[in-house]
Amino acid sequence: MQLKRTVNCGELTGNNVGEEVILNGWIAKNRDHGGVIFLDLRDRYGKTQVTFNPDVDGEMASRAKRLGMEDVIAVKGVVQTRPDGNINTGMPTGEIEVLVSELEILNEAEPLPFLISDRETGSEELRLEYRYLELRTKELQNFMQVRARTYQAVRTLLSDEGFMEFETPVLMKSTPEGARDYLVPSRIHVGKFYALPQSPQTYKQLLMISGYDKYFQIVKCFRDEDLRADRQPEFTQIDIEMSFVDQDDVLALATRLARGVFSEVLGVKLPAVFPILDYKEAMETYGSDKPDTRFEMPLVEFAAYAEKADFGVFKDVLASGGRVKGLILKNAADKISRKVSDGLTEWLKTYYGIKGLAFFKVDGNGLMGGISKFFEEELQQEIINDFTLETNDIMFFVSDSEAKTLQALGALRLELAKRESLIPENEFRPLFVVNFPLLDWDEDSGRYIAMHHPFTSPRPEDVELMTSDPAKVRARAYDLVINGYEVAGGSIRIHTREMQNRMFELIGMDEAEAEARFGFLLKAFRYGAPPHGGIAFGYDRLIMLLAGTDNIRDVIAFPKTTSAASLMDDAPSTVSEDQLKELHIKLIK
């Protein structure tokens, strides 16, 4: 390469007129204006127009004319002001151009599978196959810039708070709890396996026991679980742990970190204090433990009215211990046709397992449509008055088990808000959700499982309930939620062997199994473990919010699909028989 760049494609201005420069980059556009060739040359810093005048060098202009999109070239020339009428105020370099005196073609590109200028000209599957091309697009380059700036902001903010950055092992002991582990066979230790970490949980607790009271790392985690649009099999966390702290200390740190990142990366000022919402209140009000509070539409209790109505479905559900709740969509009844309501019903049945979705509408004379006929006129007026209903409002209802009722209405709340454009853009509403249940009942295994993980501490006032009523025990656990996304989650940890053994017993793990899985941690508890707690930010979700996209794959350089495949390099792939033999593995077909 003879022409080594002296400036990038985004920095030249009128102050550089008359200077001789060398630019390297990709061709974004090629235009022929009466034999004068204009190329837009692009790198990650921006674009510069370079000009080939046949009166200066006809042979070079002819070569330039044949160049195609995404060819890589180097040019040498003099910066000059663009002629009047040709100035482009929409780009930082728009007042100048470079009159080329030398051209070097570094690499020619084949026809493109989609346009770099418009990534939507290719399907997502095609773009993932050619991810290195999609990463050239302005949109993804902006996303990657946000990601890089956030790395730097996090490290600076936490270092200024006195945190030490650590690296914990990627090959660790398998301690499955929750999602499945990704296993790595050992060639040396025949029949034994490492696991890729689902999180550095046990290692950071050991670092607390080691005396490092403020730890963090930006770390890769791996979970073999069912995937969704905002999940990946490998993902990144900002992992934080502190000793001698309580819940308020962790929430305050998380607040400072979130505020610092949003300020540094976006110039956005989040509130000085984030609202705190009890888990039960979040579920009852929003049908979600990660509520989007940018819009209203709370869930409302309807059992008292259901008891008075002549609607057997409601009464049967209530008699069996279920719930009847509703939500009100204001001034939109005319948009909800029978076809629309049937579509919503089928969607909720399919994904949330409910029996059905009921509704009625409001007109000037009372209730109409749906299940309105089951309510006497006096009861209709009571409902209208109590819920301040107005003409053209529509009220939806779900009656099922508590969990299904709340989850289905929570999903419906979000769906209706999106359809009716009720969610404001460019607004961030952070809040903390606290007091999660310590345990969750797993129907398949017939036992309690840890809602977060088995190292989460119960609230001190609920410890006695671990024996008498485990389902009512609340955890010292908390999530940071922003705009309906769980951005961070953590807890105050168990730090005594006795309490840890009680927790293992609750989730059906006997002493032998606990020793086999976590003996190293239990042993460490014998030697002076401090009270400690922490929080982990889902880095990819955080970047997704900062970047203003709703697809987590947009903010990861080389993501996997929802089936955990990499279309670009065809992973996972088969391996040779020799490799399997070396690892003492035999595939069963």
Does a side-chain N-to-carboxylate-O contact under 4.0 Å join D540 and R147? yes

Could you tell me which non-hydrogen atom of P559 sits nearest to which non-hydrogen atom of L128, and how far apart they are? CG-CD2, 3.7 Å

Closest heavy-atom pair, T562 versus R553, reported as atoms and distance to 0.1 Å, is CG2-NH1, 3.5 Å

Check the surroundings of atom CG in D160: do more than 12 heavy atoms from other residues, nucleotides or ligands lie under 6.0 Å from it? yes

Determine, stepwise, if the pair R497 / E515 fulfils salt bridge (Lys or Arg N to Asp or Glu O under 4.0 Å). CA-CA 11 Å; R497 186 183 177 100; E515 189 65 34; 3.7 Å; yes

Heavy-atom count check: over 12 atoms from other residues, nucleotides or ligands less than 6.0 Å from E167 CD? no

When you measure from the side chain of R493 to the backbone of G533, do you find a donor-acceptor pair of N or O atoms at a distance under 3.5 Å? no

Are S199 and Q237 close enough, and set up right, to give a side chain to side chain contact (heavy atoms under 4.5 Å, CB included), and what steps lead you there? CA-CA 8 Å; S199 81; Q237 284 185 179; 4.3 Å; yes

Donor-acceptor pair, distance only, cut-off 3.5 Å: does the side chain of R42 make one with the backbone of C9? no

E241/K214 ion pair, N-O < 4.0 Å: no

With a distance cut-off below 6.0 Å to the six-membered ring centre and an angular limit of 45° from the axis, does K404 pair with Y352 as a cation-pi contact? no

Could you go through E225 and R180, starting from their C-alpha distance and side-chain angles, then the distance that decides it, and tell me whether this counts as salt bridge (Lys or Arg N to Asp or Glu O under 4.0 Å)? CA-CA 6 Å; E225 60 186 345; R180 299 177 185 87; over 6 Å; no

On a heavy-atom basis, which atom in A564 and which in P233 lie closest, and how many Å separate them? CB-CG, 3.9 Å

Heavy atoms of other groups near Y351 OH, more than 12 under 6.0 Å: no

Do N483 and R429 have side-chain atoms, one donor and one acceptor, less than 3.5 Å apart? no

N501 versus E511, side-chain donor and acceptor atoms under 3.5 Å: no

So does R517 pair up with E513, basic N to acidic O under 4.0 Å? yes

Do E139 and R119 sit within salt-bridge range, that is, some charged N less than 4.0 Å from a carboxylate O? yes

Please walk me through it: do Q205 and L521 pass side chain to side chain contact (heavy atoms under 4.5 Å, CB included)? CA-CA 8 Å; Q205 290 192 259; L521 181 63; 4.1 Å; yes

Given the rule in the side chain to side chain contact (heavy atoms under 4.5 Å, CB included) test, do D181 and F222 qualify, once you have shown the distances and angles that lead to the verdict? CA-CA 7 Å; D181 285 334; F222 307 85; over 6 Å; no

Using atom types as modelled and distance alone, determine if a side-chain donor or acceptor of S491 lies under 3.5 Å from a backbone N or O of A477. no

Check: S573/D570 side-chain N/O donor and acceptor closer than 3.5 Å: no

Check: Y478 ring centre within less than 6.0 Å of F432 ring centre: no

How about D289 and M283: do any of their side-chain heavy atoms sit closer than 4.5 Å? yes

List the atom of L583, the atom of P185, and the distance in Å for their closest heavy-atom pair. CD1-CG, 3.8 Å

Flag side-chain contact, heavy atom, 4.5 Å: F455 against Q201: yes

Under 3.5 Å, is there a donor-acceptor pair between the Q141 and Q145 side chains? no

Any heavy-atom pair between the side chains of Q500 and L522 that's under 4.5 Å? yes

Please identify each residue that fulfils ring pair (Phe, Tyr, Trp, His ring centres under 6.0 Å) with F428, with sequence neighbours left out. F262

Are the aromatic ring centres of Y151 and Y539 under 6.0 angstrom apart? yes

Any donor-acceptor pair under 3.5 Å from D43 side chain to G46 backbone: yes

Of all heavy-atom pairs linking Y279 and N435, the shortest is CB-O, 3.5 Å

With a 6.0 Å cut-off (strictly less than), is the heavy-atom count around CD of E124, excluding the residue itself, greater than 12? yes

Should T285 and L299 count as side-chain neighbours, where that means a heavy-atom distance under 4.5 Å? no

Quick one: does T93's side chain have a donor or acceptor within less than 3.5 Å of a partner on K47's backbone? yes

Take L542 and T150, measure what side chain to side chain contact (heavy atoms under 4.5 Å, CB included) needs, and give me the verdict at the end. CA-CA 9 Å; L542 176 62; T150 306; 4.3 Å; yes

Can you tell whether the side chains of E264 and R259 come within less than 4.0 Å, N to carboxylate O? no

Short N-O contact, D292 and R413, less than 4.0 angstrom: no

Less than 6.0 angstrom separating the ring centers of F504 and F518, yes or no? yes

Salt bridge flag under 4.0 Å for residues E461 and R476: no

When F216, Y203, Y212 are each screened for ring pair (Phe, Tyr, Trp, His ring centres under 6.0 Å) with F166, the one that passes is Y212

Verify the ring-centre separation between F163 and Y215: is it less than 6.0 angstrom? no

Determine whether a donor-acceptor pair (N or O, by modelled atom type, separation under 3.5 Å) exists between the side chain of D246 and the backbone of D249. yes

Heavy atoms of other groups near R526 CZ, more than 12 under 6.0 Å: yes

Set out, in order, the CA-CA distance, both residues' side-chain angles and the distance that settles salt bridge (Lys or Arg N to Asp or Glu O under 4.0 Å) for K204 and D239, then state yes or no. CA-CA 9 Å; K204 65 186 178 185; D239 208 49; 2.9 Å; yes

Are there more than 12 heavy atoms of other residues, nucleotides or ligands under 6.0 Å from atom NZ of K192? no

Residue list, ring pair (Phe, Tyr, Trp, His ring centres under 6.0 Å) with H495, at least two apart or on another chain: none

Spell out, as yes or no, whether a donor-acceptor pair under 3.5 Å connects the side chain of D462 to the backbone of R474. yes

Please determine whether ring-ring contact (aromatic ring centres under 6.0 Å, His included) holds for the pair H452 and F436, giving the CA-CA distance in whole Å, both sets of side-chain angles, and the decisive distance to 0.1 Å. CA-CA 9 Å; H452 282 71; F436 286 83; 4.9 Å; yes

Expected output: side-chain T137 to main-chain E134 donor-acceptor under 3.5 Å: yes

Run the salt-bridge test on D278 and K280 with the 4.0 Å N-O cut-off and return the result as yes or no. no

Would you say T549 and D554 are linked by a side-chain donor-acceptor pair, where the criterion is simply a distance under 3.5 Å? yes

One thing to verify: whether K472 and D469 come together as a salt bridge, which I'm taking to mean a side-chain N less than 4.0 angstrom from a carboxylate O. yes

Tightest non-hydrogen contact, residues V154 and I218, listed as CG1-CD1, 4.2 Å

For the side-chain contact (heavy atoms from CB on, under 4.5 Å) test, which of V555, V146, D550, I482 pairs with L545? I482

If we ignore hydrogens and angles and just use 3.5 Å, is the side chain of T456 paired with the main-chain N or O of H453 as donor and acceptor? yes

Polar side-chain atom of T6 near backbone of I22 as donor-acceptor pair, under 3.5 Å: yes

